[in-house]
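This one's a predicted model, so the numbers in the text were calculated from it and none came from an experiment. Proteins come first, then strands; the chains are lettered A, B, ... in the order of their sequence lines, and each starts at number 1.
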There are 4 protein chains.
Amino acid sequence: MLIQIEPQLDVPIYEQVTRQIIEGIARGEMKPGDTLPSVRNLAADLGVNMHTVNKSYHELEAKGILTIRAKSGAIIRSAEERALTPEQLQQIEKNLKPLVAEGMVLGATVDQIECMMKKVFADLQMSAEGV
Amino acid sequence: MLIQIEPQLDVPIYEQVTRQIIEGIARGEMKPGDTLPSVRNLAADLGVNMHTVNKSYHELEAKGILTIRAKSGAIIRSAEERALTPEQLQQIEKNLKPLVAEGMVLGATVDQIECMMKKVFADLQMSAEGV
Amino acid sequence: MLIQIEPQLDVPIYEQVTRQIIEGIARGEMKPGDTLPSVRNLAADLGVNMHTVNKSYHELEAKGILTIRAKSGAIIRSAEERALTPEQLQQIEKNLKPLVAEGMVLGATVDQIECMMKKVFADLQMSAEGV
Amino acid sequence: MLIQIEPQLDVPIYEQVTRQIIEGIARGEMKPGDTLPSVRNLAADLGVNMHTVNKSYHELEAKGILTIRAKSGAIIRSAEERALTPEQLQQIEKNLKPLVAEGMVLGATVDQIECMMKKVFADLQMSAEGV
DNA sequence: GTGGTCTAGACCACT
DNA sequence: GTGGTCTAGACCACA
């Protein structure tokens, strides 16, 4: 799985790593039970510091997406282990709101936004099924 | 239009102001041609620093949502003046992607995510029509 | 409030800080609404690194004991804001179990252990009421 | 006696082994004079490294709970041989303190904590009498 | 070899 | 001046 870092972005590097790992899992490039690269290896690959990757892994653990086993690596949790709590859905909805509002104000119709959402979903889903 | 600041959030205050102004416009509480309160007044109302509001206004200008005229204040642009450029749509799509991916990974179905999106849209739209 | 670090202990420094802040709050030396010293100040006071204190603060935030407001400090949450969730009680019970078991195996009676627990509680409570 | 290892916990495996042996003795599943399985056998049963079990046995010896005799294995000491020293009680009290403090700060009453403690004790005691 | 912890520095965004 | 982020090193416990 390829991870691309853009250090000049205003999104923190650790957040970029987090997002791309999530997308990688969504795309099916990594599956439950898989072990992620060690923090040192991934850091070396990306050319960033170990701590930056470490922070990303811990963020993913907090999101319930993976389990960090001390001294043996980070493992992607299975769908059963991942609880889709109402809080998590609310969190996503909360983050969705300003995006939708901005789209509306700029003149996008509900169809355009829905279409965009479906496209994003389909892109990820398609890759997942293609695996 | 009421703006509520929550300083304990990790979202910067200027970003909170920006979002709520966008949502206010989306809801129809403010219309094209309307003049926003002066930076000084809004800052006083919210109990925040003048620079914070100023930054928010400039962010809105960069997004193409309003025009800042020295001395005469910030004016909301009309739909015609606001171009819905492909770049803007792409930007929104780019921001949408990690949210959708996280939802998927946590086990949400496309229906759940779509439903969430529609709900957010409807909330804003409804308010707009009620005005 | 005085915090004493013993670097030679096997308990990590950040954990020692966390515990002593919790005990300080239990003792009533700090109250809800109070702002903790800045990470840099406390780190300087304790002679440890900023990051170490930072980690402790974040641990306290994760426990629901305080709120970190970016760029303005860490504030102790009120009892109402702090949820005593069943998970938290379970966590404490889980940590209690090996201590009780060890006491039993070493020959302590339930009375001795209960007495010890009450003593600890009373020590903290007493200080709290004395404030 | 069954020992269950959960490698995903942040508690080191050797510590998990130590605790479960203590609990096993508290529950009466093992009695003074009994010989524990050899380091090699137990390690094989648990699927862990020999050194891990070895470390656990030595920790138990340091706590005064068993005696390791070269060649003839680890033998659980009798209650008479196990001294309940004030130092040991202090050690337990020291470990108890942060747990009680955290419970207090999160809003638990002395009754809740006492009840929890009794429950833990009763669970162990009950099993012991049932043997 | 792994993650955990810690140090000592740095720049930045926000207030 | 605050916390957030990042870097570049280091030692340790665990497996």
Nucleotide F/dG3, atom P - distance to CG of C/Asn41 in whole Å:
8 Å

Calculate the interatomic distance between C/Glu61 atom CD and F/dG3 atom P; express it in whole Å.
12 Å

Taking atom types as modelled, is there a side-chain donor on A/Thr67 or D/Gln8 under 3.5 Å from an acceptor on the other?
no

Could you tell me how far apart C/Arg69 (CZ) and E/dT15 (C1') are, to the nearest whole angstrom?
13 Å

For DNA chain F, consecutive-pair runs of 3 or more (Watson-Crick or G-U wobble, both H-bond-type distances under 3.5 Å) give E:1-14 with F:1-14

Side-chain (D/Asn95) to main-chain (D/Ile92) donor-acceptor, under 3.5 angstrom
no

Looking only at heavy atoms, the pair that brings B/Leu9 and A/Lys94 closest together is CD2-NZ, 4.2 Å

Rounded interatomic separation in angstrom, taking NZ from A/Lys71 and C1' from E/dT2
8 Å

For B/Tyr14, is there any backbone N or O sitting under 3.5 Å from a side-chain donor or acceptor partner on B/Thr18?
yes

C/Ile75 CD1 to F/dT2 P, straight-line distance once rounded to whole Å
14 Å

Nearest non-hydrogen partners of C/Arg82 and C/Pro32, listed with the distance:
NH2-CG, 3.5 Å

If I take atom CD1 in residue B/Ile5 and atom C1' in nucleotide E/dT15, what distance separates them, rounded to the nearest angstrom?
13 Å

Pick the nucleotide of DNA chain F nearest each of A/Ala70 and C/Val39; which residue has the one closer to the 5' end?
C/Val39

Indicate, with a heavy-atom threshold strictly under 4.0 Å, whether C/Asp10 touches base, sugar-phosphate, or nothing.
nothing

With sequence neighbours excluded, residues passing side-chain contact (heavy atoms from CB on, under 4.5 Å) with C/Gln4:
C/Leu2, C/Gln20

Quick test: give all pairs of protein nitrogen or oxygen and nucleotides 6-10 of chain E nitrogen or oxygen below 3.5 Å, distance rounded to 0.1 Å.
unit_1: E/dC6; atom_1: OP1; unit_2: C/Ile13; atom_2: N; d: 2.3
unit_1: E/dC6; atom_1: N4; unit_2: A/His51; atom_2: NE2; d: 2.8
unit_1: E/dT7; atom_1: OP2; unit_2: C/Asn49; atom_2: N; d: 2.9
unit_1: E/dT7; atom_1: OP2; unit_2: C/Thr52; atom_2: OG1; d: 2.7
unit_1: E/dA8; atom_1: N7; unit_2: C/Asn49; atom_2: ND2; d: 2.7
unit_1: E/dA8; atom_1: N6; unit_2: C/His51; atom_2: NE2; d: 2.9
unit_1: E/dG9; atom_1: O6; unit_2: C/His51; atom_2: NE2; d: 2.5

Whole-Å distance between F/dC14 P and D/Asn54 CG?
13 Å

Between P of E/dG4 and OH of A/Tyr57, the distance in whole Å:
12 Å

So A/Leu36 and A/Leu42, do their side chains get closer than 4.5 Å, heavy atoms only?
no

Is it true that a side-chain atom of B/Thr35 and a backbone atom of B/Ala74 form a donor plus acceptor pair closer than 3.5 Å?
no

Below the 4.0 Å mark, does E/dT2 have OP1 or OP2 next to a side-chain nitrogen or oxygen of A/Ser38?
yes

Mind running salt bridge (Lys or Arg N to Asp or Glu O under 4.0 Å) on C/Glu59 and C/Lys55 for me, showing each step along the way?
CA-CA 6 Å; C/Glu59 197 185 9; C/Lys55 181 160 189 176; over 6 Å; no

